[in-house]
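Contents: one structure, followed by commentary.
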Amino acid sequence: MKSTSESFYQKVYAIVQLIPRGRVSTYGAIGNYLSARSAARMVGYAMNQAHSAQNFIPAHRVVNRNGFLTGKHHFGSPDLMQQLLENEGIEVQNDKIVDFKKKFWDPALEIV
DNA sequence: GAGGTGACTGCGA
DNA sequence: CTCGCAGCCACCT
């Protein structure tokens, strides 16, 4: 039923929820894993509905390619995203993830 | 039915 | 090195 891609979001949600604590991913990495080279916008768009999703989506673990908290404003509170990241042991300074490259989590590499 | 937007990315000048 | 533009796909009005 509703096999017509229940929602591109469902896929994104699944990936985001798979992100281990203390790690972060990017829109491009997720989009790339979904067969979309640069569908990063769709991933970000999915996050837009994340707060509407029935399940909790750790969208704070998803940032842009530069490691900046671009979507922090969509959490209801601009500081909420940073607080969540710091709560997981991720250092955030100037709205940017510290050592983002080290904490970067690629689904295509982790999910086999 | 058509147009516009968007939490992005990569490449060119 | 820095700045700008075009591409991408799905959802919303």
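Here the structure is a predicted model, which is why all the values come from computation and not from measurement.
- In this structure, A:L34 atom CG and C:dA10 atom P are separated by 11 Å, rounded to whole Å.
- The distance between atom CD of A:Q82 and atom P of B:dA7, rounded to the nearest whole Å, is 20 Å.
- Atoms OH (A:Y27) and C1' (C:dC9) sit 17 Å apart, rounded to a whole Å.
- For A:T70, taking side-chain heavy atoms from C-beta onward, the closest of the listed nucleotides C:dA10, B:dT9, B:dA7 is B:dA7.
- For A:R61 (side chain) and A:T26 (main-chain N/O), no donor-acceptor pair under 3.5 Å exists by modelled atom type.
- Whole-Å rounding puts the A:Q49 CD to B:dG6 P distance at 14 Å.
- Distance from the side chain of A:Y9 is smallest for C:dC11 among the nucleotides B:dG10, B:dA7, C:dC11.
- Side-chain N/O atoms of A:H60 and A:Q82 include no donor and acceptor closer than 3.5 Å.
- In this structure, A:N48 reaches the bases: a heavy-atom distance under 4.0 Å links it to at least one base atom across the strands shown.
- Crowding of A:E110 atom CD: a count of heavy atoms from other residues, nucleotides or ligands under 6.0 Å exceeding 12.
- For A:Y45, taking side-chain heavy atoms from C-beta onward, the closest of the listed nucleotides B:dA7, B:dT9, B:dT5 is B:dT5.
- Of the candidates C:dC11, B:dT9, B:dA7, the closest approach to any side-chain atom of A:A40 belongs to B:dT9.
- When heavy atoms are screened at a 4.0 angstrom cut-off, A:F75 is found touching base atoms of the nucleic acid.
- Rounded to a whole Å, the CG atom of A:D95 is 16 Å from the P atom of B:dA7.
- If you check C:dA10, B:dA7, B:dG10 against the side chain of A:M42, the one that comes closest is C:dA10.
- If you take CD1 of A:I30 and C1' of B:dG6, they are 16 Å apart, rounded to a whole angstrom.
- Distance, A:N64 CG to B:dG10 P: 11 Å, rounded to whole Å.
- Counting non-hydrogen atoms of other residues, nucleotides and ligands closer than 6.0 Å to NE2 of A:H73 gives a total of 12 or fewer.
- Following rounding to the nearest Å, A:H74 (NE2) and B:dG6 (P) show an atom-to-atom distance of 9 Å.
- Here A:A46 lies out of heavy-atom contact (under 4.0 Å) with every strand.
- Under the 3.5 Å distance criterion, the side-chain polar atoms of A:Y13 are left unmatched by any main-chain donor or acceptor of A:F8.
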